[in-house]
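Being a predicted model, the structure only gives us computed values, none of them experimental.
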Amino acid sequence: MEVYLMWIGAFVLTFILTIFFTVLFTKIKGNLFEDIRGGIPRGVGIAPFIVMVLFFPVPYNYLIAIIGITAFVDDVIGRKKLTSYLEVGQLFRGLGMLLVMALGYLIMGPVAILVALMIQIFNIADMQPGTASTTVIIMSIISFAILAIMHSSSYYLPILLFVIALGYMSQDYSGYIMMGEIGNHSFGVATGICLALVSSVLAKSIAATAFYPVQFIIMLILFLITAIIIAYQRKETLNYYLEHYLGIANPTFGDFVMDVLTGGGLGDLFRKLILGTRVINVENSILISLGVRRLVHNPIKINNK
């Protein structure tokens, strides 16, 4: 298939499927319909997920398929608890991340760890309409620019991801639909794949003899840039959330970035397991600016309070 026809086909199919699943989930309701702002279909991210699995090349589409399937189980079942600490969604998300890491390691090496962790930061991005879509678009453009400058044949993949996001995002920005876990997880892994390609090309040109360490460092930088972009877009809502719900006074931008990196149910689960009932007070101004208060925040204490 000609690359231009692929891009057009991906855009049109995403747009049509987004409308289809919006109508379908509105009729089905249940856990696929959030009772907020008059009711919003949830899990509509299944539309871009299907298109990514169909159009992304093998073996990258396998990684997207794995995380999308495990995420959709979460969307369908809802936030049901397995234990006092663990929810079904957290279990499946963690399982999906581990599978992506394991298979991804065989495909692209150690950077697969960061590709899988993109799921975490996109999960936080999806809590505000349009944030995840905007982030995908920004990182797709950056990835395309670098791959094109480096004359990489993989330049078409970021554009493919870009047009899929365009096909989905119209109603996402308005807040009329929610992509759900299947959407943000799939977009997270797909964006991670594009960034891994960028890090691979740059590492080969910078230090081919130390390829994997250099690639991992470049990928880590791109990973952090993605988190910063999300934190910047969500700074107002995160400021309110951290101050009023978590009790973190005068939160810094570092707190916002740390929330993107370690927030949500999965991050809080690890805090509960690691901290137990301990409370760590951070008073050093440098650590505060870096977001360490959010990193060591104990959710159990807030829940009890």
Side-chain angles (χ1 to χ4, degrees), residues 84-87 89-91 93-94 97-98 100-101 110-128 131-132 134-135 138-139 181 184-185 188-189 191-192 195 199 213-305:
S84 59
Y85 280 2
L86 185 64
E87 294 178 358
Q90 293 169 346
L91 175 65
R93 186 187 311 162
M97 290 174 72
L98 290 175
V100 169
M101 285 182 191
V111 293
I113 297 171
L114 296 175
V115 171
L117 289 176
M118 292 289 286
I119 296 163
Q120 162 65 20
I121 62 177
F122 270 82
N123 186 58
I124 302 299
D126 191 38
M127 294 180 182
Q128 180 171 303
T131 301
T134 300
T135 304
I138 293 172
M139 298 313 294
E181 308 293 12
N184 64 62
H185 288 27
V189 169
T191 304
L195 297 182
S199 65
V214 174
Q215 183 193 24
F216 194 89
I217 292 171
I218 295 172
M219 180 67 181
L220 180 60
I221 293 170
L222 294 170
F223 178 86
L224 293 174
I225 289 172
T226 308
I228 290 170
I229 290 171
I230 292 171
Y232 181 79
Q233 292 179 82
R234 293 207 59 215
K235 59 183 179 180
E236 292 183 8
T237 54
L238 285 175
N239 184 78
Y240 184 85
Y241 170 71
L242 294 177
E243 195 159 25
H244 290 82
Y245 287 88
L246 299 189
I248 297 176
N250 301 314
T252 65
F253 188 73
D255 290 317
F256 303 157
V257 175
M258 191 61 69
D259 188 81
V260 172
L261 291 172
T262 69
L266 195 58
D268 283 342
L269 172 63
F270 279 103
R271 289 185 181 89
K272 291 175 184 177
L273 295 175
I274 295 171
L275 294 176
T277 58
R278 285 178 295 166
V279 174
I280 300 176
N281 294 316
V282 180
E283 297 180 357
N284 182 277
S285 59
I286 296 176
L287 295 180
I288 288 174
S289 67
L290 293 174
V292 175
R293 287 184 302 174
R294 177 63 183 112
L295 177 63
V296 299
H297 174 266
N298 191 334
I300 289 182
K301 288 300 179 181
I302 284 295
N303 290 339
N304 291 339
K305 181 178 178 181

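- Annotation for Leu238 and Val260: closest pair CD1-CG2, 4.2 Å, computed over non-hydrogen atoms.
- Scanning all heavy atoms of the two residues, the minimum distance from Met139 to Leu222 falls at CE-O, 4.1 Å.
- Between Gly291 and Met258, the closest heavy-atom pair is O-CG, 3.3 Å.
- Inter-residue side-chain proximity for Leu224 and Leu261 is flagged as met; some heavy-atom pair is nearer than 4.5 Å.
- Taken to the nearest 0.5 Å, the CG atom of Asn123 stands 9.5 Å off from the CE atom of Met97.
- Annotation: the span from Met101 atom CE to Leu114 atom CG amounts to 8.5 Å, rounded to 0.5 Å.
- Using a 4.5 Å heavy-atom threshold, the side chains of Ile280 and Asn298 count as separate.
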Might you work through the side-chain contact (heavy atoms from CB on, under 4.5 Å) test for Arg278 and Val296, ending with a clear yes or no? CA-CA 10 Å; Arg278 285 178 295 166; Val296 299; over 6 Å; no

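- Under a 3.5 Å cut-off, the side chain of Glu283 and the backbone N or O of Ile288 do not form any donor-acceptor pair.
- To the nearest 0.5 Å, atoms NE2 (His297) and CG (Asp268) are separated by 8.0 Å.
- Note that CG of Leu242 and CG of Asp255 are 6.0 Å apart. Values are rounded to the nearest 0.5 Å.
- When side chains are defined from C-beta on, Phe122 does not count as touching Val189, because their heavy atoms never get closer than 4.5 Å.
- Between Ile248 and Pro251, the shortest heavy-atom distance links the atoms O-CD, 3.4 Å.
- Put simply, the residue from Leu117, Leu195, Ile113 that forms a side chain to side chain contact (heavy atoms under 4.5 Å, CB included) with Phe223 is Leu117.
- In this structure a side-chain-to-backbone donor-acceptor pair under 3.5 Å is missing from Gln128 to Thr237.
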How far apart are the C-alpha atoms of Thr135 and Thr191, what are their side-chain angles, what is the distance that settles it, and do they pass the side-chain contact (heavy atoms from CB on, under 4.5 Å) test? CA-CA 9 Å; Thr135 304; Thr191 304; over 6 Å; no

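- In this structure, Thr252 and Arg293 have side chains that are in contact, with non-hydrogen atoms separated by less than 4.5 Å.
- Counting non-hydrogen atoms of neighbouring residues, nucleotides and ligands closer than 6.0 angstrom, the OH atom of Tyr232 reaches no more than 12 such neighbours.
- With 3.5 Å as the limit, one finds a donor-acceptor pair spanning the side chains of Arg271 and Thr262.
- Here CD1 of Ile119 is found 13.0 Å from CD1 of Ile124. Values are rounded to the nearest 0.5 Å.
- The shortest heavy-atom contact between Thr131 and Ala125 is CB-O, 3.2 Å.
- Heavy-atom minimum distance, Glu243 versus Asn250: OE2-N, 3.5 Å.
- Atom CD1 of Ile138 sits about 9.5 Å away from atom CD1 of Ile230, to the nearest 0.5 Å.
- Residues satisfying the salt bridge (charged side-chain N to carboxylate O under 4.0 Å, His left out) criterion with Arg234, sequence neighbours excluded, are absent altogether.
- Every residue was checked against the salt bridge (charged side-chain N to carboxylate O under 4.0 Å, His left out) condition with Asp126, not counting sequence neighbours, and none meets it.
- Under the rule for a ring pair (Phe, Tyr, Trp, His ring centres under 6.0 Å), the partners of Tyr240 that lie at least two apart in sequence or sit in another chain are His244.
- A perpendicular orientation is assigned to the rings of Phe253 and Phe256, their planes being inclined by more than 60° (bins at 30° and 60°).
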